[in-house]
Q: 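Once you've had a glance at the structure underneath, I'll fire off some questions.
Note that the structure is a prediction, hence the values are computed from the model and not measured. Every number for a ligand or one of its atoms is a count from 1 in the order of the listing.
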Amino acid sequence: MDKPVKRVAAIHDLSGFGRSSLSVIIPILSTMKVQVCPVPTAVLSTHTGGFEGYSFVDLTDTMEDYIQHWKKLDIDFDCIYSGFLGSPKQIDIVSRFIDLFGNKENLKVIDPVMGDNGQLYSTMNEEMIDKMKKLIKKADIITPNFTEAAYLLDESYDTKMSEEMIKNWLVRLADMGPKIVIITSVPEKECKNTSVIAYDREGKKFWKVSCLYIPAHFPGTGDTFTSVLVGSLLQGDSLPVAMDRSVQFIISAIRASYGFDYPEREGILLERVLENLKLPVLVNSYEILK
Ligand code: PXL
């Protein structure tokens with residue numbers, strides 16, 4: 001029997017201030033009528049992007065029992081979605097989680113959160129990058145940003161890359177295991193736009209959604225993007241429509257935030273735009289790349 005609502009296991013941290021990870025994932029997916037079951041990886045007072053002196057409680061040692069209890073309850077998920085992970089051991093735990101709860105039907109989405117703007121986050125290290133390269137083998141979909149894609153491929157961060165080179169990156173990442181690779185925050189060479197470019201290995205298609213560059217940097221937009229994408233796919237949208245929906249939501253959120261004078265590290269004003277998720281996609285702007 002079909003469940004009354006779709007269910008996602010969300011393996012992420014809870015950061016109390018700054019609008020990232022579970023603080024945005026839960027409201028977004030709930031608004032999209034998806035049940036979120038969090039597996040908290042760590043509790044932080046704030047996210048690590050732009051705040052100093054944050055408190056960090058690593059929940060690695062609690063995760064195994066937590067997961068085993070779910071297994072005893074025989075809970076099944078329509079999607080397993082992981083993001084920021086706080087230690088190498090947590091990457092192993094996510095891998096085991098996928099072995100325990102993954103099946104042919106459910107969607108395994110890994111957002112390999114590691115860095116942004118050419119820089120790694122302060123909690124990342126080489127061992128974690130290596131493990132992340134292995135973890136993505138188990139994913140159906142990965143959503144690295146441009147920086148994370150470079151780290152997964154051992155390439156340097158070059159904002160002047162041609163579209164052909166980006167396509168080469170997408171194919172190489174898909175060769176590492178995932179069926180669908182979506183790179184976000186791809187700088188466009190010719191103009192100030194940034195784009196989201198995807199490759200569907202089975203359909204052998206490249207999709208692109210571009211958006212006008214807005215000179216703002218709000219932490220947590222990667223989590224917002226992937227949450228909307230997951231919600232949209234679980235609602236039955238196609239990949240390019242889900243990409244469109246996610247990009248349009250991010251743009252509306254940034255536009256709603258940018259006019260206010262407050263620190264960007266506090267994230268987008270999600271509360272002002274959350275209801276937009278209930279609207280249909282009004283304008284499709286995706287392109288298929290040849
Ligand atoms: O949004 C990604 C993210 C998630 N969790 C923590 C972070 C970040 C990015 O800075 O610091 C704790």
Q: Evaluate whether atom NZ of K167 has more than 12 neighbouring non-hydrogen atoms of other residues, nucleotides or ligands under 6.0 angstrom away.
A: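 For K167, atom NZ is crowded (more than 12 foreign heavy atoms under 6.0 Å).
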
Q: Could you tell me how the ring of W169 sits relative to the ring of F146: parallel (under 30°), tilted (30 to 60°) or perpendicular (over 60°)?
A: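 Parallel, since the angle between the ring planes stays under 30°.
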
Q: Heavy-atom contacts with S21 under 4.0 Å: which atoms of ligand 1 show up? List them by number with element.
A: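 Every atom of ligand 1 under 4.0 Å from some heavy atom of S21: 4 (C), 5 (N).
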
Q: Short list, please: which atoms of ligand 1 are under 4.0 Å from a heavy atom of V113?
A: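 Near V113, meaning under 4.0 Å from one of its heavy atoms, ligand 1 has 2 (C).
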
Q: Between S20 and ligand 1, find which residue part has any heavy-atom pair under 4.0 Å and reply side chain, backbone, both or neither.
A: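 The part of S20 near ligand 1 is the side chain, not the backbone.
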
Q: P219: heavy atom below 4.0 Å from ligand 1, yes or no?
A: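 No, that is not the case, since the closest heavy atom of the residue is not under 4.0 Å from the ligand.
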
Q: Using distance alone, decide if ligand 1 has a nitrogen or oxygen within less than 3.5 Å of any nitrogen or oxygen in T48.
A: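 Yes - when backbone and side-chain N and O of T48 are compared with those of ligand 1, one distance drops under 3.5 Å.
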
Q: To the nearest 0.1 Å, how far is atom 5 (N) of ligand 1 from its closest protein heavy atom, and which atom is that?
A: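 That would be D13 OD1, 2.7 Å.
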
Q: Quick one: look up the protein heavy atom nearest atom 9 (C) of ligand 1 and list residue, atom name and how far away it is.
A: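 Of the protein heavy atoms, Y121 CZ, 3.6 Å lies nearest.
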
Q: Which word best sums up how the rings of F17 and F51 line up, parallel for under 30°, tilted for 30 to 60°, or perpendicular for over 60°?
A: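 Perpendicular: the ring planes of F17 and F51 meet at over 60°.
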
Q: Would you kindly specify which portion of D223 sits under 4.0 Å from ligand 1, judged on non-hydrogen atoms: side chain, backbone, both or neither?
A: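 D223 to ligand 1: side-chain contact only, backbone stays beyond 4.0 Å.
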
Q: Would you call K179-D200 a salt bridge at under 4.0 Å N-O?
A: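 No, no charged N to carboxylate O under 4.0 Å.
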
Q: What atoms of ligand 1 come within less than 4.0 Å of a heavy atom belonging to S15?
A: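 In order of number, 12 (C).
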
Q: Is the F84 ring parallel, tilted or perpendicular to the Y121 ring (thresholds 30°, 60°)?
A: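 Answer is tilted, since the angle falls between 30° and 60°.
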
Q: Would you kindly say whether T143 and D111 are connected by a side-chain donor-acceptor distance under 3.5 Å?
A: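 Indeed, the side chains of T143 and D111 share at least one donor-acceptor pair under 3.5 Å.
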
Q: What's the verdict on salt bridge (charged side-chain N to carboxylate O under 4.0 Å, His left out) for R7 and D78, showing C-alpha distance, side-chain angles and the deciding distance?
A: CA-CA 5 Å; R7 185 184 291 148; D78 300 287; over 6 Å; no

Q: Check each heavy atom of L44 against ligand 1 and say whether those closer than 4.0 Å belong to the side chain, the backbone, both or neither.
A: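 For L44, only side-chain atoms sit under 4.0 Å from ligand 1.
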
Q: Can a salt bridge be assigned to the pair R201 and D175 using a cut-off of 4.0 Å between side-chain N and carboxylate O?
A: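 The answer is no: the pair does not qualify as a salt bridge.
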
Q: Could you check whether R19 pairs with D223 (Lys NZ or Arg NE/NH1/NH2 to Asp/Glu carboxylate O, under 4.0 Å)?
A: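 Result for this pair is no, no salt bridge flagged.
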
Q: Strictly under 4.0 Å, does any heavy atom of G222 approach an atom of ligand 1?
A: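 False for this residue.
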
Q: Which ligand 1 atoms, with their elements, are less than 4.0 angstrom from a heavy-atom of G220?
A: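 Every atom of ligand 1 under 4.0 Å from some heavy atom of G220: 1 (O).
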
Q: Which residue supplies the protein heavy atom nearest to atom 8 (C) of ligand 1, what is that atom called, and how far is it?
A: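 Result for atom 8 (C) of ligand 1: F84 CD1, 4.1 Å.
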
